[in-house]
Number of protein chains: 2
Amino acid sequence: MSDLLERLRGRGWRMTSQRRVVAEVLNGDHVHLTADEVHARAARRLPEISRATVYNTLGELVSLGEVIEVSTDGRAKRYDPNAHHPHQHLVCSNCGTIRDVHPRGNPLADLPAEERFGFTVSEAEVTYRGLCPSCA
Amino acid sequence: MSDLLERLRGRGWRMTSQRRVVAEVLNGDHVHLTADEVHARAARRLPEISRATVYNTLGELVSLGEVIEVSTDGRAKRYDPNAHHPHQHLVCSNCGTIRDVHPRGNPLADLPAEERFGFTVSEAEVTYRGLCPSCA
DNA sequence: ATCCTACGATGGACAGAATCCAAGTCAAGA
DNA sequence: TCTTGACTTGGATTCTGTCCATCGTAGGAT
């Protein structure tokens, strides 16, 4: 999605080579990279890029709603650029592979009022776990 | 749940004072402590207990299926002893408070076969997010 | 085209969470 | 009571992420 760069520019983002490279690395479907993986790939195109910049840029993309932060395993967070199509995640308990999936219905609707305890519930995040074909 | 100790002994656990104390700390409903919190509470009863032992014991309880590991915020994992009654979690996006909740239906059933990509799906973990009454 | 300046990048220090490891201790069976 | 292998210890280490003072530069102003 290269209109990402357009959208960011439209939001007043100062366009630097670092930000451009990070945005380009996060491109395509079923991308779920850790910050370190993003840094490694970005560094292939821009060797001097620092980890701090990658963390900063990812954080900004998340607050802008362009990227979703996913922590499926209590280890490093992963960054999912597929932010404009609601979806959930299916994770292999063995190898960690992640797939985007689309369950039926709206998970939020399954939480009855009497189970909300006065919370203003705004989001439901579902992680399906199991073994992928290669690991089964 | 003090039959926990019985069950563990039945499974061939060597019963040490450290393990006993950790199991006792994880007692009751709506308990969602971090490893460090478990360590702090355990240390009130057994001052010399080390963090490594707490981590080891928690890890064992998790593999035995007696405790569930919950990572709702990308920070420290939390340990939930309510492992024998299926439930999901409702988390305050502001203060981090966690409640056990029981959504209608079985979340697993909402993932159609054609969205499983050959995985053997065994578990669905739902995290509801929103603002708790005090933070709203 | 050049200058300015505020915003962004840098990298090294720091912090929090968890794991590892070699050495010492002890539960529980003989 | 003895023995032994499982358990505990605490300090070092790894991994993930944040902070901060300093330097660099994108892009508007001239």
Side-chain angles (χ1 to χ4, degrees), chain A residues 5-6 8-26 32-64 66-80 96, chain B residues 5-6 8-26 32-43 45-64 66-80 96 98:
Chain A
L5 292 178
E6 289 313 312
L8 294 174
R9 204 187 299 271
R11 299 213 207 193
W13 244 35
R14 188 138 149 189
M15 192 51 59
T16 67
S17 51
Q18 292 84 350
R19 286 174 166 184
R20 200 188 327 273
V21 169
V22 169
E24 281 169 5
V25 164
L26 288 173
H32 304 95
L33 299 171
T34 64
D36 255 17
E37 287 165 351
V38 171
H39 177 247
R41 296 195 185 193
R44 294 213 283 260
R45 296 168 134 263
L46 192 65
E48 336 77 70
I49 193 171
S50 74
R51 286 188 335 121
T53 295
V54 171
Y55 275 104
N56 288 340
T57 306
L58 289 173
E60 289 154 9
L61 288 169
V62 169
S63 356
L64 291 175
E66 297 289 349
V67 164
I68 290 171
E69 215 173 51
V70 181
S71 50
T72 49
D73 60 350
R75 306 189 50 83
K77 289 175 193 159
R78 295 184 170 270
Y79 293 87
D80 180 348
Chain B
L5 293 178
E6 287 314 312
L8 294 174
R9 203 186 299 270
R11 299 211 206 196
W13 244 35
R14 189 137 149 191
M15 192 49 60
T16 67
S17 50
Q18 291 86 348
R19 286 174 165 181
R20 199 187 329 273
V21 169
V22 169
E24 282 167 6
V25 165
L26 289 173
H32 303 96
L33 299 171
T34 64
D36 255 16
E37 288 166 350
V38 171
H39 177 246
R41 297 195 185 193
R45 297 167 135 265
L46 192 66
E48 336 77 72
I49 193 172
S50 74
R51 290 219 315 285
T53 296
V54 171
Y55 276 105
N56 288 340
T57 306
L58 289 173
E60 287 154 9
L61 288 169
V62 169
S63 357
L64 291 175
E66 296 289 350
V67 164
I68 290 172
E69 213 172 52
V70 181
S71 49
T72 49
D73 61 348
R75 304 188 53 83
K77 289 176 195 159
R78 296 184 169 271
Y79 294 87
D80 181 349
I98 302 178

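Chain identifiers are assigned alphabetically (A, B, ...) following the order of the sequence lines, protein sequences preceding nucleic acid strands; residue numbering begins at 1 within each chain.
When every heavy atom of B:Tyr79 is checked against every heavy atom of B:Leu26, the shortest pair comes out as O-CD2, 4.0 Å. Minimum heavy-atom separation, B:Lys77 to A:Asp73: CE-O, 4.3 Å.
By the side chain to side chain donor-acceptor pair (under 3.5 Å) test, B:Arg11 pairs with B:Glu66, sequence neighbours left out. Residues satisfying the side chain to side chain donor-acceptor pair (under 3.5 Å) test with B:Arg14, not counting sequence neighbours, are none. Residues that satisfy the side-chain contact (heavy atoms from CB on, under 4.5 Å) test with A:Arg45, not counting sequence neighbours, are A:Val21, A:Glu24. For the side chain to side chain donor-acceptor pair (under 3.5 Å) test, residues two or more places apart in sequence or in another chain that qualify with A:Ser50 are A:Thr53. Taking B:Ile98 as the reference, B:His32, B:Thr72, B:Arg78, B:His89, B:Val91 meet the side-chain contact (heavy atoms from CB on, under 4.5 Å) condition, with sequence neighbours excluded. Qualifying salt bridge (charged side-chain N to carboxylate O under 4.0 Å, His left out) partners for A:Asp36, counting only residues two or more places apart in sequence or in other chains: A:Arg51.
Put simply, CG on A:Asp36 is 15 Å from P on D:dT14, counting in whole angstrom units. The interatomic distance linking A:Lys77 (NZ) with C:dG16 (P) rounds to 15 Å, in whole Å. At whole-Å resolution of the value, CZ in B:Arg20 and P in D:dC7 are 14 Å apart. Rounding to whole angstrom units, CG of residue B:Asp73 and P of D:dT18 are separated by 12 Å. Regarding A:Glu69, its CD atom lies at a distance of 11 Å from the C1' atom of D:dG17, rounded to whole Å. Atom OH of A:Tyr79 is separated from atom C1' of D:dG17 by 8 Å (rounded to the nearest Å). The CG-P distance, from A:Leu46 to D:dT25, rounds to 11 Å in whole Å. Note: CD (A:Glu37) to P (D:dG17) measures 11 Å, nearest angstrom.
Within the structure, every pair that satisfies the salt bridge (charged side-chain N to carboxylate O under 4.0 Å, His left out) test and touches residues 53-64 of chain A, not counting sequence neighbours, is listed here: A:Arg19-A:Glu60.
The stretch residues 50-60 of chain A touches DNA chain D through A:Arg51, A:Ala52, A:Tyr55, each having a heavy atom under 4.0 angstrom from the strand.
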Just the table, please: protein N/O against nucleotides 27-30 of chain D N/O, every pair under 3.5 Å.
unit_1: D:dG27; atom_1: OP1; unit_2: A:Met15; atom_2: N; d: 2.9

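Toward the 5' end of DNA chain D, the nearer of the two residues A:Thr34 and B:Ile49, judged by each one's closest nucleotide, is B:Ile49. Mapping A:Gly74 and A:Gly12 onto DNA chain C via the closest heavy atom, the residue that lands nearer the 5' end is A:Gly12.
Regarding contacts with the backbone of C:dT10, a side-chain N or O of A:Gln18 is found under 4.0 angstrom from either OP1 or OP2.
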